[in-house]
Amino acid sequence: MAKDQLQVLNALDVAKTQLYHFTAIVIAGMGFFTDAYDLFCISLVTKLLGRIYYHHEGDNKPGILPPGISAAVNGVAFVGTLSGQLFFGWLGDKMGRKRVYGMTLMIMVICSIASGLSFGKTSSGVIATLCFFRFWLGFGIGGDYPLSATIMSEYANKKTRGAFISAVFAMQGFGILTGGIVALVVSGSFKNAYPAPIYSVNNEGSTPPEADFVWRIILMFGAIPALLTYYWRMKMPETARYTALVAKNATKAASDMSKVLNVEIEAEKEKIVETQGNSFGLFTKEFLHRHGLHLLGTTSTWFLLDIAFYSQNLFQKDIFSKIGWIPHPETMNALDEVFKIAKAQTLIALCSTVPGYWFTVAFIDRMGRFAIQLMGFFFMTVFMFALAIPYNHWTKKENRIGFVIMYSLTFFFANFGPNATTFVVPAEIFPARLRSTCHGISAAAGKAGAIVGAFGFLYAAQSTDPSKVDTGYPTGIGVKNALIVLGCVNFLGMLFTLLVPESKGRSLEEMSKENEGEEEITKGENAQTIPV
């Protein structure tokens, strides 16, 4: 395809920032708001689930989820997300971005509500039902990754494309923050309405029966923002790049974008050129030659990033408990424990997670994707080792605030770094007909890393001293050594970043090499033109 042959694509590349850009950010971003809320709110209520469903009368400590159950509750949504990323990523290239976009949102809405309505006659029945619905919730969330990124990249102009895609992803930060706030409000309200003694005073009475409503309300709240944006998703036109380059209908692409951009774009005769060199599929030598290293770079960096990022996010409550920032569970009642966990995670989100995302939005089109990702991995490595090596120093009461600050900085540089850029780059560097698929593969690699983090850190962070291990768990390598491992993972991410190309300020067609060989095509007399 020649660079100047489709006016509609040029119009998108040079369009000034206007209302439709912000509308697209909000519509796509609310999906990510819901994604983050649903994926991370479970960590706020796992201790409550343990108290309600796995309490044994006479125990010195409140009930906790057994190892296998805890791993399933925390990790099953990631398994669903991985599946959804691969399936919907592929489907988005086959059926179109818009046609698939509404499906993912409705799955998320239905399964968010169903998760909170999990039923069963026994504890195992309730948890099994919860895991079933959270798998399908994850499946819907998985589809949102490749579709939202691809839609935003294909709508954006090349000057501020990175900021727009990052802004969609940055809504994840608000989702995490809102999860903490909702948990604070719900647990605080129930705590005031139903006062209860601490566990060490009254084992049974420390968990009032009404506490069972708390985790259900928190989980179901995630359906609200998704439901509010469904209508607007259905009103979005198909992206011009899909319509023109994949569906081969440049006239419709021009018509759709004329309405969106509020400018006249000539409904030009089709100029889309098919050549053997530019029609290769995913499993071909040509793809391997052109984009093989790029796909290795995007999958490996996202995989390594998510091992560390999800380990930190899902188990920060356990780390904070071990350093004493959250009191021992027997000194609290069930609702007070939810409140204190939510308060800790909300502070982390407010002070480091959310600002990190928006620093990326502000600087990605100035510094570039490569520099931000390399810098982020570097500082994540530095701060992780700074926490791990003198770990015993940080566990002393007078040093806990220092630990929390350092821990917050690892979140800041994850989000002002690879957590955002690994989402942005795969949406920019692959051909339109494979863009959603390749983003889905990259994102699925990330969720494989999240599964490793969710399951692995749960066991690895257990104490090396059998007397200090949580009930039902084998001995692990301890928090200190687990943090050292995460530091090494971050360092590997820094090395694999060298495989990722810079896409700042370049058009999608230039990055994906869809205009490669244009001179020969446009000069050749036998170039094939495909009419509408």
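We use all heavy atoms of the structure for the numbers below, so side chains are in, but hydrogens, waters and symmetry mates are not. Position 1 is the first residue of the sequence, and the numbers go up from there.
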One pair to check against side chain to side chain contact (heavy atoms under 4.5 Å, CB included): Arg433 and Leu245. What are the steps and the verdict? CA-CA 7 Å; Arg433 65 188 178 280; Leu245 300 177; over 6 Å; no
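- In this structure, Arg233 forms a cation-pi arrangement with Tyr101, its terminal cationic atom sitting closer than 6.0 Å to the ring centre and no more than 45° off the ring axis.
- One finds no salt bridge joining Arg161 and Asp365 here, because no Lys/Arg side-chain nitrogen approaches an Asp/Glu carboxylate oxygen to under 4.0 Å.
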Test side chain to side chain contact (heavy atoms under 4.5 Å, CB included) on Ile107 and Phe88 and set out the steps. CA-CA 12 Å; Ile107 292 172; Phe88 285 112; 3.9 Å; yes
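- In Tyr20, the OH atom is crowded: over 12 heavy atoms of neighbouring residues, nucleotides or ligands sit closer than 6.0 Å.
- Not a single donor-acceptor pair under 3.5 Å links the side chain of Asp144 to the backbone N or O of Gly140.
- Using cut-offs of 30° and 60° on the angle between ring planes, the pair Phe423 and His439 is perpendicular.
- Considering every non-hydrogen atom in both Ser436 and Gly92, the closest pair reads OG-CA, 4.0 Å.
- A donor-acceptor contact shorter than 3.5 Å links the side chain of Thr81 to the backbone of Gly138.
- At a cut-off of 3.5 Å, with distance as the only test, no side-chain donor of Asp35 or Tyr145 sits close to an acceptor on the other residue.
- For Lys480, the NZ atom is densely surrounded, since the number of other residues' heavy atoms within 6.0 Å is greater than 12.
- Residues Tyr37 and Met171 form no side-chain contact, since every pair of their non-hydrogen atoms from C-beta on lies 4.5 Å or further apart.
- Counting heavy atoms from C-beta on, the side chains of Asn157 and Val14 never come closer than 4.5 Å.
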Test side chain to side chain donor-acceptor pair (under 3.5 Å) on Thr243 and Asn249 and set out the steps.
CA-CA 6 Å; Thr243 304; Asn249 192 342; over 6 Å; no
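- At least one donor-acceptor pair closer than 3.5 Å links the side chain of Thr298 to the backbone N or O of Leu295.
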*List the steps, then state whether side chain to side chain donor-acceptor pair (under 3.5 Å) holds for Asp93 with Tyr242.*
CA-CA 8 Å; Asp93 283 333; Tyr242 182 86; over 6 Å; no
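- Ile429 is listed as a side-chain neighbour of Val425, based on a closest heavy-atom distance under 4.5 Å.
- A donor atom on one side chain and an acceptor atom on the other are found under 3.5 Å apart for Ser503 and Arg369.
- A side-chain donor-acceptor contact under 3.5 Å links Ser153 to the backbone of Thr150.
- In this structure a side-chain-to-backbone donor-acceptor pair under 3.5 Å is present from Lys98 to Met236.
- Glu502 places a side-chain N or O within donor-acceptor distance of the main-chain N or O of Phe370, the cut-off being under 3.5 Å.
- Paired with Arg241 under the rule salt bridge (charged side-chain N to carboxylate O under 4.0 Å, His left out), one option of Glu154, Glu428, Glu509 passes, and it is Glu509.
- Within the 4.5 Å cutoff, no side-chain heavy atoms of Leu495 are placed close to those of Phe377.
- Looking at heavy atoms from C-beta onward, Phe363 lies out of side-chain contact with Trp358 at the 4.5 angstrom threshold.
- Taking 4.5 Å as the limit, every side-chain heavy atom of His291 sits out of range of all side-chain heavy atoms of Cys438.
- Considering every non-hydrogen atom in both Val100 and Gly96, the closest pair reads CG2-O, 3.4 Å.
- Side-chain atoms of Thr160 do not come within 3.5 Å of backbone N or O of Ala163 as any donor-acceptor pair.
- Aromatic ring centres of Tyr155 and His21: separated by at least 6.0 Å.
- Figure legend: Arg134 and Phe78 shown without cation-pi pairing, the cationic atom not lying both under 6.0 angstrom from the six-membered ring centre and within 45 degrees of its axis.
- A donor-acceptor pair under 3.5 Å is absent between the side-chain atoms of Ser70 and the main chain of Pro67, judged by distance alone.
- Taking the six-membered ring where the residue is Trp, Phe135 and Phe139 present parallel rings, their angle staying beneath 30° rather than reaching 60°.
- Ring-centre distance between Phe287 and Phe283: not below the 6.0 Å cut-off.
- The aromatic rings of Tyr310 and Phe40 lie parallel to each other, their planes meeting at an angle below 30°, with 60° marking the opposite boundary.
- Within a 6.0 Å sphere centred on CZ of Phe412, heavy atoms belonging to other residues, nucleotides or ligands number more than 12.
- Pairing each heavy atom of Ile25 with each of Ala167, the nearest pair is CG2-CB, 3.9 Å.
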| message | Pair Thr497, Gln373 - check side chain to side chain donor-acceptor pair (under 3.5 Å), show working. | response | CA-CA 7 Å; Thr497 296; Gln373 184 161 311; 3.1 Å; yes
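- Note: Leu105 CG to Thr34 OG1 = 6.5 Å, rounded to the nearest 0.5 Å.
- The shortest distance between side-chain heavy atoms of Asn415 and Thr360 does not fall below 4.5 Å.
- Side-chain atoms of Ser408 never come within 3.5 Å of backbone atoms of Ser352 as a donor-acceptor pair (strictly under, hydrogens ignored).
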Decide side chain to side chain contact (heavy atoms under 4.5 Å, CB included) for Phe33 and Thr229; before the verdict, give the C-alpha distance in whole Å, the side-chain angles of both, and the deciding distance to 0.1 Å.
-> CA-CA 11 Å; Phe33 176 99; Thr229 55; over 6 Å; no
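- Side-chain contact between Leu409 and Phe379 is absent, with no heavy-atom pair separated by less than 4.5 Å.
- The backbone N or O of Ala444 sits less than 3.5 Å from a side-chain atom of Gln85, completing a donor-acceptor pair.
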